[in-house]
Each structure stands twice: as structure tokens, then as C-alpha cells.
**Student:** 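Here it is, the structure in full.
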Amino acid sequence: MLYQLYEAQRSLMEPFSDFAQAASKLYAPGAVWGQLPMAQRMAAGYDLLYRLGKDYEKPEFNIKSVKVEGDEVVIQEVIELDKPFCELRRFKRFTDDPHTLQTLKTQPVVLVVAPLSGHYSTLLRDTVRTLLQGHKVYITDWKNARIVPLSEGAFHLDDYVNYVQEFIRLLQSEYGNCHVVSVCQPTVPVLAAISLMASRGEQTPLTMTMMGGPIDARKSPTAVNNLATNKSFEWFENNVIYRVPQGFPGEGRRVYPGFLQHTGFVAMNPDRHASSHYDYFKDLIKGDDASAEAHRKFYDEYNAVLDMDADYYLETIRTVFQEFGLVNGTWDVKNPQGEIERVRPQDIRNTALLTVEGELDDISGSGQTKAAHELCTGVPAEQQEHYEVKGAGHYGIFSGRRWRDLVYPKAAAFIAAHDQPQKRAGSTTRITAEDTIRAPKRRVAQAAAKAVRKTTVATKAAGKPAAPARTRRAAR
């Protein structure tokens, strides 16, 4: 019933939100009522009301280009694999410059496993944009469970693990190898996926970089950890799980609604959010467009949330935060064939491990991610590194200045140190290109002119009159 009430409230607020947006424009400078007393304050107030009441949809990555060694490279998003609950999204890079293309060809392949914990994968936009400067990047773009029809079945934590393995195998078949970067929640299922591949004797990724995740949630427990341990499994099942209401493709699906997750996020720091919105109001009055736009960008992302399938959410609570199945060695995963396999991180031997933690992380406490080193005893010591980012909170280790200036150089150097030449699976030849090269326009013109000159010479040699000069210029 709570989900239905929320949707009713959202539908009721929609016309008021639209009105607030229109009113803010009427009072804006240069508009109809823009010259009235207090007009700027009225415009700012209505704008704030609009943003507090509007519905936030899934944002776009909106990465159009990046610079690679000083050259502007165009980015095109491509869905490489479409699964019921996730899209494997590639950020394909294009260039006309042969030297830059050669650079792109040899750069490492990175699979970024994004969190499925309430926000969309676009939360890692800055992570992706930075990685694209020196890597071929793929990301797991998780779908909102309320748009997945019931006919697709449920989504379990085991399915998450199996998805990750499938994505890794796909990249290995394409390039021969890959690297994996996991941020926050997926550090646990990613470690499980690679462990299972190692136990079967499969090829594993060259490296795994784990950032701010609850590998061992018993260490330095945070408010998030305490909520999961202080409440019973039955409490979560009875109090936070609801069915998707009518009007959505996933009608009837049991989910943990995104609006509940968002409420929890805000409740962790209500004063900070209230202060941020008041500062936004003052920035609008002052005409500080840069600060106002920064606020919009942050909250466009922060307020956009998705529903999670109930089975996945509840199993994550039980396995990661209540039973600590990974660190206790008691976690069993069902593979796509229906077989039960035990997760054994100690079986990993050929995948280097880098863990990253933020000194001030209030979501995954100190030592929780570093615990991966205690589990991966089969990885040689010289292939293991840990990095604590001074002054960084949870988001600072994968977004913002500290990510770009401190974490990324460390992660890029680690990946480069363990990278290997790429080649197609089953082939002895190295891969020849990452992307299509398009000849620059000036070279096309030069080639056409050269062809015309050859034709003219051949014509003269045959004793036939050459084409008029005007015709030759047009051909060029």
C-alpha cells in the first residue's frame, strides 16, 4: 500500500511542480514579471519548489568526448549485451588520427561493475570519463526493477554473480583478457564471481580493483551496517518490500522501492541537505549560475533512484551484512546450470588485487575493503596493494578531485603494471584495432585528386584528349 500512496502523492504533486517551474520563469530577469519588486527572490523560491517536487528520471552518461594524449576522441555508447536486469554498456572511442588510434588499440580493457544499491550506474559518470582517457571501458548499467516484466522471473544475488562472470567471459572472448573495477556494493559479488571462475580453472581477469566495498562488514561498522545487523531478516522482508503498482511494466513484482532508499540516504545527513538547498536558493538570488548549476547536477543524480528486486535485496542483506558468508567461507552460489558452488577466494592465483578505501568513508568503514587481502591468500604478495585516500569520503574515492588526482593515477598504474597484450580468443595474432578509423576529409580529397591525375596521364598516353581543366578541378 505504501508504494501506491507514494505514486498517488507523486501524481498529485506533478501539476504543482509544473506550475512552480512556469512561475519561476515568469519572474526570471527579462521575463513578464521580472522587473517587479522581489522578482528574483520569487523566481528562486519557485525554482526551489520545482526541484523539491519534480520527478527525477534516469540521468544520461552524456560523455560526448574525452582527450587522449591531447587529442579529442569522440565517444559513442553501445549496448554490447542486453540482459533482463542489466545492460553491458560500452563507451566506444573514435578518432581520425592514426597515432591516437594506435594508442587506443593498445590500452587495457576495463569492466566497471557499478553498484546496484539504489542509484543508477550514472553515479559513476566521473569514474568512466576519467578511465576513458587511458582504457577501453565497459560498465554494468543496471535496470530499474519496476520496468522489468514479471515474465522475466526474479533476480537473485546469485544472478548478479553469474551476470558478472558472463560479462568477463564476453570481454575475454573479444580481447583475450580484461581488468575489473568494482565500486562499493559490487565488491562482494565481483570477488565471488572471480573466485568461482578460479575454482573451476577458468581464465580470470588480470586485475581486480575494489573500491569502498563491504567485503567484511564487521570491521568499523557504519550506520548502514548497524541497521542491517540490528534488524532481523524478517523485519526487512515485512517492512521494506512492496509490490510495483499498476502502470509500470513490472507491475506486481516484489521490490525494495527506490524512494525508500532515497529517504534513507537523506536521513543520514538531513542538516547537510537542508543547508545545501538553502545555499541553492541564495545562489539563485545572487545570480551565481555556476554554483546553482553544480547543485542541479549533483541532485539530478542523487535524487534519481531505482527499485531493486526483493530477492536480490534481501539476499544481500542476509549474505553480506548478517551472515558474513564471504568472510566466513559459507557462501554458496547457484550457477546457471542449477549447480551449487562454494565461494573460495583463496583459489584466486592469477588476478592481481588493489583495494581502495577513503579515510572518512561513512558507508564502508575502514578495513572493510582491505579485508579482501586476508581472503585472497593465493594471490602473491607482490601482486597485492592497498591504498587509503586521506581526507576522502565514500564518494570521493570514485568521483571528484581526489578520484582524478589521487585514486585514478594509482589504479591506472596498477592496471598497466599487470596488463598483457590483447588478442582474440583462439588466435595467435594480436588485435589490430579497437575502433573504426575514418579517413580525414583532407586525405579523401588528396586521394581523389591523385586518382584524377592518374586518369589524365593514362588518357594522354592513349592519344586521347585530356578532360578540360574545369572538369579536373571539380573532381578534386
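Owing to the predicted nature of the structure, the values given are computational and were not obtained by experimental measurement. One is the number of the first residue; the rest follow in order along the sequence. Computed from heavy atoms alone, side chains included, the values below leave out hydrogens, waters and symmetry copies.
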**Student:** Can you confirm whether L353 sits close enough to M210 that some side-chain heavy atom of one is under 4.5 Å from a side-chain heavy atom of the other?
**Tutor:**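 They are in side-chain contact.
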
**Student:** Per the ring pair (Phe, Tyr, Trp, His ring centres under 6.0 Å) rule, which among W142, F155, F85 passes with Y312?
**Tutor:** F155

**Student:** How long is the straight-line distance from CG of L124 back to NE2 of H119, given to the nearest 0.5 Å?
**Tutor:** 11.0 Å

**Student:** Just by distance, do the side chain of R146 and the backbone of L306 share a donor-acceptor pair under 3.5 Å?
**Tutor:**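 Checking the backbone N and O of L306 against the side chain of R146, no donor-acceptor pair under 3.5 Å is found.
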
**Student:** Go through the steps for R254 and E237 under the test salt bridge (Lys or Arg N to Asp or Glu O under 4.0 Å), then give the verdict.
**Tutor:** CA-CA 10 Å; R254 295 173 66 245; E237 190 170 26; 3.7 Å; yes

**Student:** Rounded at 0.5 Å granularity, tell me how far OG1 in T369 sits from CE in M211.
**Tutor:**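 Going from the OG1 atom of T369 to the CE atom of M211 covers 9.5 Å.
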
**Student:** In Å and rounded to the nearest 0.5 Å, what is the CG to OG1 distance from N62 to T122?
**Tutor:**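 The distance works out to 10.5 Å.
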
**Student:** Is Y278 atom OH crowded by more than 12 heavy atoms from other residues, nucleotides or ligands, each under 6.0 Å away?
**Tutor:** no

**Student:** Please determine whether the number of non-hydrogen atoms from other residues, nucleotides or ligands lying under 6.0 Å from atom CD of E57 exceeds 12.
**Tutor:** no

**Student:** Is it the case that over 12 heavy atoms from other parts of the model lie below 6.0 angstrom from the NZ atom of K370?
**Tutor:**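 Atom NZ in K370 is not crowded, with 12 or fewer foreign heavy atoms closer than 6.0 Å.
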
**Student:** Take R342 and S199 through the test side chain to side chain contact (heavy atoms under 4.5 Å, CB included) and record every step on the way to the result.
**Tutor:** CA-CA 9 Å; R342 176 61 54 89; S199 297; over 6 Å; no

**Student:** Tell me the closest heavy-atom pair linking T351 and P205, and the distance in Å.
**Tutor:** OG1-O, 2.6 Å

**Student:** I'd like to know whether E80 forms a side chain to side chain contact (heavy atoms under 4.5 Å, CB included) with E174, so could you lay out the CA-CA distance, the side-chain angles of the two residues, the decisive distance to 0.1 Å, and finally the verdict.
**Tutor:** CA-CA 11 Å; E80 291 289 323; E174 180 69 20; over 6 Å; no

**Student:** Pick one: which of D216, I215, I348 meets side-chain contact (heavy atoms from CB on, under 4.5 Å) with L375?
**Tutor:**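 The single option meeting the side-chain contact (heavy atoms from CB on, under 4.5 Å) with L375 is I215.
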
**Student:** Counting C-beta onward and ignoring hydrogens, is there a side-chain heavy-atom pair between S195 and R344 closer than 4.5 Å?
**Tutor:** no

**Student:** For R296 and E293, run salt bridge (Lys or Arg N to Asp or Glu O under 4.0 Å): C-alpha distance rounded to whole Å, both residues' side-chain angles, the deciding distance at 0.1 Å, then the answer.
**Tutor:** CA-CA 5 Å; R296 293 189 196 100; E293 184 60 24; 2.9 Å; yes

**Student:** With no hydrogens and no angle check, is any side-chain donor or acceptor of T130 less than 3.5 Å from a backbone partner on R404?
**Tutor:**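 It does not hold such a pair.
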
**Student:** Return the minimal non-hydrogen interatomic distance between A192 and V343, and the atom names on each side.
**Tutor:** CA-CG1, 3.7 Å

**Student:** Is there side-chain contact between K297 and R125, with heavy atoms separated by less than 4.5 Å?
**Tutor:** no

**Student:** Can a donor-acceptor pair be found between the side chains of T222 and N225 at a distance below 3.5 Å?
**Tutor:** yes

**Student:** Do V164 and Y160 touch side chain to side chain, with heavy atoms closer than 4.5 Å?
**Tutor:** yes

**Student:** Name the orientation class of the two ring planes belonging to Y256 and Y313 (parallel below 30°, tilted from 30 to 60°, perpendicular beyond 60°).
**Tutor:**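 Y256 vs Y313 ring planes: parallel.
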
**Student:** Any idea which heavy atoms bring V266 and Y302 closest together, and the distance?
**Tutor:** N-OH, 3.9 Å

**Student:** Is a side-chain N or O of T319 found less than 3.5 angstrom from the main chain of T316, in a donor-acceptor match?
**Tutor:** no

**Student:** Check L227, T229, N226 against P221 for a side-chain contact (heavy atoms from CB on, under 4.5 Å) and give me the one that passes.
**Tutor:** N226

**Student:** With side chains defined as the heavy atoms from C-beta onward, is the minimum distance between R93 and F91 less than 4.5 Å?
**Tutor:**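 Contact flag for R93/F91 side chains = no.
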
**Student:** Do T209 and H179 get their side chains close enough for a donor-acceptor pair, meaning under 3.5 Å?
**Tutor:**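 Looking only at side-chain atoms, H179 and T209 do not form any donor-acceptor pair under 3.5 Å.
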
**Student:** Can R200 and D347 be counted as an ion pair, charged N to O under 4.0 angstrom?
**Tutor:** no

**Student:** Would a distance-only check, ignoring hydrogens and angles, find a side-chain to backbone donor-acceptor pair under 3.5 Å from S173 to L170?
**Tutor:**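 Yes.
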
**Student:** So, the side chain of E315 versus the backbone of L157: is there a donor-acceptor pair under 3.5 Å, distance only?
**Tutor:**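 Between the backbone of L157 and the side chain of E315 there is a qualifying donor-acceptor contact (under 3.5 Å).
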
**Student:** Are Y280 and Y299 an aromatic pair by the rule of ring centers under 6.0 Å?
**Tutor:** no

**Student:** Among side-chain atoms of H394 and D362, is any donor-acceptor pair under 3.5 angstrom?
**Tutor:**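 Distance-only check fails for H394 and D362.
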
**Student:** Checking E234 against N238: is there a side-chain donor and acceptor pair closer than 3.5 Å?
**Tutor:**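 The answer is no; no qualifying pair exists.
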
**Student:** Supply the atom-to-atom distance T103 OG1 to D71 CG, rounded to the nearest 0.5 angstrom.
**Tutor:**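 Reported value, rounded in 0.5 Å steps: 9.0 Å.
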
**Student:** Output, in order, the C-alpha distance, side-chain angles, deciding distance and verdict of salt bridge (Lys or Arg N to Asp or Glu O under 4.0 Å) for E374 and K219.
**Tutor:** CA-CA 13 Å; E374 302 171 14; K219 298 179 181 291; 3.8 Å; yes

**Student:** Would you say K105 and Q422 make side-chain contact, with heavy atoms under 4.5 Å?
**Tutor:**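 A side-chain contact under 4.5 Å is absent here.
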
**Student:** Are R89 and F61 in a cation-pi contact, defined as NZ or CZ under 6.0 Å from the six-membered ring centre and within 45° of the axis?
**Tutor:**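 Verdict for F61: no cation-pi partner in R89.
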
**Student:** Taking atom CD of Q246 as the centre, report whether more than 12 heavy atoms of other residues, nucleotides or ligands fall under 6.0 Å from it.
**Tutor:** no

**Student:** Is there a donor-acceptor contact under 3.5 Å from the side chain of E69 to the main chain of T100?
**Tutor:**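 Not confirmed, E69 side chain does not pair with T100 backbone.
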
**Student:** Can you find a side-chain donor-acceptor pair between N350 and T204 that sits under 3.5 Å?
**Tutor:**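 Per modelled atom types, N350 and T204 side chains form no pair under 3.5 Å.
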
**Student:** What I'd like to find out is whether the side chain of Y56 reaches to under 4.5 Å of the side chain of H262, using heavy atoms alone.
**Tutor:** no

**Student:** Less than 4.5 Å apart, side chain to side chain, heavy atoms only: is that true for L111 and L88?
**Tutor:** yes

**Student:** Answer yes or no: does atom NZ of K334 have more than 12 heavy-atom neighbours from other residues, nucleotides or ligands under 6.0 Å?
**Tutor:**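 No, NZ of K334 has 12 or fewer neighbouring heavy atoms, counting only those of other groups under 6.0 Å.
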
**Student:** Distance check, rounded to the nearest 0.5 Å: T355 atom OG1 versus Y387 atom OH?
**Tutor:** 12.5 Å

**Student:** Run the salt bridge (Lys or Arg N to Asp or Glu O under 4.0 Å) check on R169 and E166 step by step: do they pass?
**Tutor:** CA-CA 5 Å; R169 294 189 193 105; E166 184 175 356; over 6 Å; no

**Student:** Show the nearest heavy-atom pair for residues L196 and E341, with the distance to one decimal.
**Tutor:** CD2-CB, 3.7 Å

**Student:** Within the side chain of E301, is there an N or O that forms a donor-acceptor pair under 3.5 Å with the backbone of P59?
**Tutor:**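 No: the side chain of E301 does not pair with the backbone of P59.
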
**Student:** Here's one to test your reading of the geometry: is the NZ or CZ of K136 within 45 degrees of the ring axis of Y138 and under 6.0 Å from its centre?
**Tutor:** no

**Student:** Determine the minimum heavy-atom distance between S291 and D283, stating which atoms define it.
**Tutor:** CB-OD2, 3.3 Å

**Student:** Determine the interplanar angle of the H135 and Y408 rings, folded into 0 to 90°, and report it as parallel if under 30°, tilted if 30 to 60°, perpendicular if over 60°.
**Tutor:** perpendicular

**Student:** Check whether any side-chain N or O of D307 sits under 3.5 Å from a backbone N or O of G258 as a donor-acceptor pair, and report yes or no.
**Tutor:**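 Yes: the side chain of D307 pairs with the backbone of G258.
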
**Student:** Give, for atom CZ of R243 and atom CD of Q4, the distance between the pair rounded to the nearest 0.5 Å.
**Tutor:** 10.5 Å

**Student:** Are any side-chain N or O atoms of Q203 and backbone N or O atoms of G176, one a donor and one an acceptor, separated by less than 3.5 Å?
**Tutor:** yes

**Student:** Would S366 and E357 count as a side chain to side chain contact (heavy atoms under 4.5 Å, CB included) here? Give the steps.
**Tutor:** CA-CA 7 Å; S366 177; E357 293 182 343; 4.2 Å; yes

**Student:** Counting N and O atoms only, with roles assigned by atom type, does the side chain of D126 sit under 3.5 Å from a partner on the main chain of G400, one being a donor and the other an acceptor?
**Tutor:**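 Indeed, once roles are kept as given, a pair shorter than 3.5 Å links the two residues.
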
**Student:** Which heavy atom of R218 sits nearest to which heavy atom of N328, and what is that distance?
**Tutor:** NH1-OD1, 3.7 Å

